[in-house]
Amino acid sequence: MLEKNYTPKDFEEKIYEKWETNGDFKPDMSSDKDSFCVVIPPPNVTGVLHMGHALDYTLQDILIRYNRMLGKKVLWQVGTDHAGIATQMVVERNLAKDGISRHDLGREKFIETVWKWREQSGGTICKQLRRLGASCDWSRERFTMDEGLSRAVRKIFVNLYKDGLIYKAKKLVNWDSKFMTAVSDLEVIQKECVGKMYYYRYPIEGEEGKYIHIATTRPETMFGDTAVAVSKDNEKLKHLIGKNCIIPIINRAIPIIADEHADPEKGTGAVKITPAHDFNDFEVGKRHDLPLINVLNPDATLNENTPYEGITTLEARQKTIDALSELGLMDKIEDHPMVIPYGDRSGVIIEPLMTDQWFVDAPVLAKEAIRVVEEGEMEFLPKTYEKTYFEWMRNIQPWCISRQLWWGHQMPIWYGPDGHIFCEENEELAQAEADKFYGKHEELTRETDVLDTWFSSGLWAFSTLGWPDKTEFLDTFYPTSVLVTGFDIIFFWVARMMMMSMYMMKKVPFKKCYMHGLIRDEHGHKMSKSKNNTVDPIETIEKYGADALRFFMAAMETQGRDINMSEARVAGYRNFATKLWNAARFGEMNEAKPVADFNPDNVSLAVNKWIIAKAKEATLEVTKNLNAYRFSDSANSIYQFVWGTFCDWYIEMIKPILYGEDETAKAETKATFAWVMDRILVVLHPFMPYITTQLWNNLATRDVELMHHTWPTEDVVDNQAKEAIDWAIEVITVIRSLRAEMNLPAGAKLKAYIKDDNNKIAIYIKDFANIICSLARLETIETLNGEITPDMVQTVCQSSTILLPLKGVVDFSAERERLQKELAGLDKNLAGYASKLSNPNFVERAPIKVVEEEKKRQTEALENKAKVEEALARIANL
RNA sequence: GGGUGGUUAGCUCAGUUGGUUAGAGCGUUACGUUGACAUCGUAAAGGUCGUUGGUUCGAGUCCAAUACCACCCACCA
């Protein structure tokens, strides 16, 4: 017996546990069908589940469960990411609570601490993922830092290095002064703000009282200036080219050079060049062979090359301005809108800094990654993301992969005493190479830098399947089927996976890439902790059940759009689950049990034929939409069928049968009910795995777990079977409307008549009198024999006239008004039809089918108009 | 500066190749008889589909321009 109330908390976790212990999520390697594989976008090991995850994983689980039911070999490869900076940050913060810094521990101890910490709390997100119902194969869970994946990282690194695609270079890089590491371009957030533009002047060397005026947003970097640039086309200033000017305060002479970088229209037309601290200036410096003077320490304080050693850039800026003012060289300070780069994790200002770093030659790797998308080997869904991808890939810059962190993959690089580089997969190999190279044994030191987190996640699609070993899983599941992820990591992750996979595997990592949007709050604002508008998915699940949240995600997911979170809507889908629960209880109470040899194509009652046709139709809709990755359409198809068709109509229509005397009809109806209920559970299962499983197991003894049940693909919809009941539904609806409009008491049992010359209708009336009477609250309904009398309220339904005799209760003036309204509506439509049909262009150019339709509508409306006019005439004088 | 997406009912959103009277959920109003369900049922109100032009027999849907919103990318002193 099912409980009276639907309480998801009572069974969701139990069901999941059972699935997992039974190994239900493992791929059926014996299947002779295709393979289907999704690799999960690995959540940060430090993470907790947020709504974005809930969306991402729900969509994947729907696809996974659907394909599993199609009988394929299905693998959802799960795992977590070591998330270099993010994790190091969290652990450092924890240590800081005890007043310990990572330097107190030293590298080795610190890394140990991180591993320990990961063991304690790294499982949180995986537990939460289970709560959501994600059917991933936990027996294959991987971690980007585990031994196998680390081996993959080292191997591909060595390959890239030996192919010349990884190199070391001293370059200007984005420097994060909090974590004291380089970061990639993508990890820099440009924020708009109003800053200051400082105008001051440098004296011209040897020309008393002459100056060159410059404008800058960063006066404190002037100690690193090695030139001032002026455009050769700048009529006012070009005479200064070739002269020297003096940097005040430190009194160092620098040349005034000609360079197109200096736009005569901007600032003062003269721009100070600080090659070591600005990406533009660096290029200028290269063109003119200017020296680089670094003025910053790694912690973003000024260094010994300045008069302000040890103080921060902001403090130094003020001191510089003060000093310039004292010298009488300040001209003015203006507000200036500008963008300032911040570290996405650290939140501190990013400084361009000259350092030794390692780079991946992304422009070379991008070529293949672009080609396979151009040629359709990998397809973005929605397609618009292709453009974003191409745009970025075609303008890609070398990827800085070295990080001066401790937590991460230490690069497989060893240096000889003379700095010679040995890149091998392990120390023994490197040593052997070195011994060969030097002809004797030399001590090697290993590069301390670790790799950008995204380097290892870039290998995720094949490293998790066993690469570099040749494994059955790699053979079976690579290339994977589809990647489902948010557009926010298209560059970070998708692009890198494409490049790494094409380089190493020569095959795309996934055949399709489905990109979804962000989850926002209910008014469309981005969720963030600082705005305090986040919604915790686990809390939502506790309150409404995982199925409700999942269905919400599916129903709201339309391609290319963000989703606004709405608790009311989640509650609505919980109500949907309740509705289904109660429908199942209804079946249970009426002993509607699945019948083993039931043949849905062999039922005789019209309602049963009808619901079976509708169920098959809904199944086809869901299937079609899932195949097209149209999540909301597929969810809505099944929702509409369950609530709007099965519960609202079918259940109501079969009550007279179930409570009646006809045992044959009863038996067939019960069997049909059970068949449809099973069908619902099957088709709804990918969306709502818990409630469907719970009902599946409680309604009957089953041979097969619902999640392994075969998805119906052989349906043929009997369209004729739909027609009769669809007609009855329309009649019922019209009568209900009429009753409400006439304010007839709900309890009043009425007689109704239908006037129609069509024989088929006469048969329908006889066949469905029971159903119509029961649902429209009538005493009887029959064909009208004889004349329409003035005490009958009339309305039209398709070709029929429907009549309700209301002896003595008809308010004729109200009735006239109602009929007039009906008439006005008809006239409006008729005007539309007439104008179209009288237009020769329409009649000649529109397809015949459309014209015919229009004519039919016109004829019908004219007939109905006549009927309404008759009715009006009948009561004209009453 | 470049690019992308959005603008449809009070709110949040669907609307697949242009073709009935533009749909749903929530909210609102009225009424609730019945032995699955008040986490419910029935009925109803509510929209000149951002604006302006164009293409077409026909435009929410295609094209152009424009306004506003959101996001992404970009080295502008």
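A note on names: the letters A, B, ... follow the listed sequences, proteins ahead of strands, and every chain is numbered from 1. Hydrogens, waters and symmetry mates are skipped; everything else that's a heavy atom, side chains included, is used.
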Determine which nucleotide pairs with G41(B), using a 3.5 Å limit on both distances of a Watson-Crick or G-U wobble pair.
C31(B)
Using distance alone, with no hydrogens and no angle criterion, decide if D10(A) and T7(A) have a side-chain donor and acceptor under 3.5 Å apart.
yes
Would you say a side-chain N or O of K624(A) is under 4.0 Å from OP1 or OP2 of U16(B)?
no
Minimal heavy-atom distance between I396(A) and A366(A), with the atoms involved, is CG2-CB, 4.0 Å
Using a 4.0 Å heavy-atom cut-off, does D648(A) contact any base of the nucleic acid, only the sugar-phosphate backbone, or nothing at all?
sugar-phosphate
Please state whether the base of U16(B) and the side chain of R630(A) form at least one donor-acceptor pair under 3.5 Å?
yes
Is any side-chain N or O of E652(A) under 3.5 Å from a base N or O of A36(B), one able to act as donor and the other as acceptor?
yes
Just to be sure I understand the rule, does G267(A) reach a base, reach only the sugar-phosphate, or reach nothing, if contact means heavy atoms closer than 4.0 Å?
base
Now, which nucleotide makes the Watson-Crick or G-U wobble pair with U4(B), with each of the two distances under 3.5 Å?
A70(B)
Is the phosphate of U4(B), meaning OP1 or OP2, less than 4.0 Å from a side-chain N or O of K387(A)?
yes
Classify R585(A) by what it touches in the nucleic acid, base, sugar-phosphate, or nothing, heavy-atom distance under 4.0 Å.
sugar-phosphate
C1'-based separation of A24(B) from A67(B) [nearest Å]
29 Å
Testing F551(A), W581(A), F646(A) for ring-ring contact (aromatic ring centres under 6.0 Å, His included) with F576(A), which one passes?
F551(A)
Tell me whether the side-chain N/O atoms of R561(A) come closer than 4.0 Å to OP1 or OP2 in A14(B).
yes
So P840(A), base contact, sugar-phosphate only, or nothing? Heavy-atom distance under 4.0 Å.
nothing
How is Y659(A) classified with respect to the nucleic acid when contacts are heavy atoms under 4.0 Å: base, sugar-phosphate, or nothing?
base
N or O in side chain of N395(A) less than 4.0 angstrom from C73(B) OP1/OP2:
no
Remember a base hit wins even if backbone is also touched, and classify T558(A) as base, sugar-phosphate or nothing at under 4.0 Å, heavy atoms.
sugar-phosphate
Give one of base, sugar-phosphate or nothing for T384(A), where a contact means two heavy atoms less than 4.0 Å apart.
sugar-phosphate
Does any donor-acceptor pair link the side chain of R736(A) with the base of U42(B) at a separation under 3.5 Å?
no
What contact category does E853(A) fall into here, base, sugar-phosphate, or nothing, at under 4.0 angstrom with non-hydrogen atoms?
nothing
Where is the tightest heavy-atom contact between N533(A) and K526(A), given as atom of each residue plus distance?
ND2-O, 3.1 Å
May I ask you to say what G644(A) touches in the nucleic acid, namely base, sugar-phosphate or nothing, with a heavy-atom cut-off under 4.0 Å?
nothing
For R739(A), report the nucleic acid contact type (base, sugar-phosphate, nothing); a contact means any heavy atom under 4.0 Å.
nothing
Nearest-Å distance once atom C1' is located in both U16(B) and C62(B):
15 Å
